[in-house]
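Right, one structure below, let's go through it.
Lettering follows sequence order; numbering is per chain, from 1.
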Protein chains: 2
Amino acid sequence: MYTISAAKAPNNYPIIVGTDLWSTLKDACSRQTLLVIDRNVYHYIVDSLLDNHFLLDQIYVLTVDENHKNLQVVIHILEELVTRRHDRSSCLVSIGGGVLNDLVGFAASIYQRGISWITMPTTLLAQVDAAIGGKTGCNFAGLKNQIGCFYQPKSVIIDLQVLAYLPDREYIAGLAEVVKYGVVKDTEFFAWLERNTQAILLRDKAVLQTMVQHCCTLKRSIVAEDVMDCGVRMILNFGHTFAHAIESATKFVHYLHGEAVSLGMLLASKIAVDVGMTTKNTFSRLLRLLDRFGLPVNIEVLLPFVDSICEILLTDKKVYDGKLVLVLPQSIGKVKVVDSLSPELIRDCIKNYVSL
Amino acid sequence: MYTISAAKAPNNYPIIVGTDLWSTLKDACSRQTLLVIDRNVYHYIVDSLLDNHFLLDQIYVLTVDENHKNLQVVIHILEELVTRRHDRSSCLVSIGGGVLNDLVGFAASIYQRGISWITMPTTLLAQVDAAIGGKTGCNFAGLKNQIGCFYQPKSVIIDLQVLAYLPDREYIAGLAEVVKYGVVKDTEFFAWLERNTQAILLRDKAVLQTMVQHCCTLKRSIVAEDVMDCGVRMILNFGHTFAHAIESATKFVHYLHGEAVSLGMLLASKIAVDVGMTTKNTFSRLLRLLDRFGLPVNIEVLLPFVDSICEILLTDKKVYDGKLVLVLPQSIGKVKVVDSLSPELIRDCIKNYVSL
């Protein structure tokens, strides 16, 4: 068990990474606690929870996915709190993936103007990304994460054992975010990933501990500099502007988020090569690592969607005054925020790459 | 025009008190601005707004009252923002009473995880109380202010001219909160109120400027010490625990909030006399001032509701471990938070007073 200790407020909560952390969870809870648990993990963990003195009636099981990441689910959670007469001293716990994390965190942030929230992310994606940084919320009026709060948990408790239950496809999708950290911020970590590909794919415990803990440390350090997401935090969008366009153009059914991020990072890197911002070597190292992890790299399958992707990109909320703000790699370990590329140039780069 | 300047973050926003502040409002707004206006004041101010270059399609008129202080109205405001494609740089303005302030502030706090919010309170109650302190929210599942956020406005702009349109009963109800500040924190201000009763009732402009500005300064200084309402801010509940019970027992139709606060302050003060915490003189000075302002002081009309009031009191959210936390006066200008009185004693005091 390793605790990533407190940064400055409002990020001064512990991130605990380890195994068998059920009693750690219990100790962090208050008298009135409601555990909201993703149905996907519920049956794997319910025995451990009840062994550790949580009561069955403290548990609320929820079926969630991106298509149900809406205000109605947040309202259900709030109603549970009211029914159980929870007061301001109570505590809400989320145990699940990124969607559940965001929904429960949002409910905690607005119940009686904010109660304690502890999050226990159970997917790799949530452990290395969604659960760190205090972004909570839900979709609204057809738009992703349109409402929500910046709200910090009381603690983030990451039990690596639950990763054993994660389907391969989901685990691998989470690795896209892991790779991202290497590209945007940490050359050595990227090299470590290259050296440990097999052990990572085998979910070796010691390797998972190092990997998750390192990603959390990186994300926290970036977030701490920019709590409200109006500056340096933007580098975390590497690959994501493209990923959102890909997900949207393919109606959110073809790709998991992490898979779209894999393709998005490739698009961003290819553009960086085309405009001379980085070398071909940066691009090919990234491509090779993603491929070895089993992430999608076959960009040509996007051909039927390329017009749609370009159109969505250029109406993205990251477009300011007609300029698309992109995060592009300069090298492995360093990215740059760029808003000087014309929409036509971006479109041409994408079309060329996809048509290769 | 007087600006109460910045306290420390997160309360470092200006509170501007004066007359004819429409251009001040306009200057504070951003490119994308939506003005949400209470229907009660809309027709009084619409000409001034349009004269100052706001456009008609930047205005959204809303009918609000305590019975419609619900999530559905917040959702309507959020939908307006989506429809108008407002982004994170946009600005939401509330022009109305306390209910509108709380609803619009809440919408601003959760739209795209928080956009700028400027509030222009138009009732005396909102000017001296609701608009200062960052409490936003709405009723939920039949409970008052059950969901919401602590969210600070970009600025509070208080135009005293709008008070001219306020019906007498509402204006007078607002004076209950004004009197409260004197009792909890400021002997001299209480004496100033006693000396200026007539001018205050006549809504003399200079007197209003002094009075409102002073209340805002007091409230801000208390709030700045306790942003999240878990300490000293509790003194602002003087009279309010009783007022909520009175409002609830009388089904929210007999009394305006300020009127219930008047009776609530009297109940609190009478208990303080009965338990020897303060002198009869404290009680009678308070009674006399409330009476001269035309606020309700005829406590005996509560007789039919007294059992109901006592029952609600003892299930209030300010009950911790079976103890009711009360704010009681020690003298004019000083209150104390007390949790040592038994429910039986409180009940007896109330019954005796009401039966007199």
*What option among B:L143, B:L71, B:I147 has the most heavy-atom pairs under 4.5 Å with chain A?*
B:I147

*How close do A:L103 and A:C138 get, heavy atom to heavy atom, and via which atoms?*
CD2-CB, 3.7 Å

_Distance (rounded to the nearest 0.5 Å) between A:I118 CD1 and A:S116 OG_ = 7.0 Å

*With a 4.5 angstrom heavy-atom cut-off, could you sort out which part of B:T83 is near chain A: side chain, backbone, both or neither?*
neither

_B:F106 portion near chain A, given a 4.5 angstrom heavy-atom threshold_ = side chain

*asked:* If we ignore hydrogens and angles and just use 3.5 Å, is the side chain of B:K154 paired with the main-chain N or O of B:Y13 as donor and acceptor?
replied: no

*Decide side-chain contact (heavy atoms from CB on, under 4.5 Å) for A:V337 and A:V325; before the verdict, give the C-alpha distance in whole Å, the side-chain angles of both, and the deciding distance to 0.1 Å.*
CA-CA 7 Å; A:V337 178; A:V325 182; 3.4 Å; yes

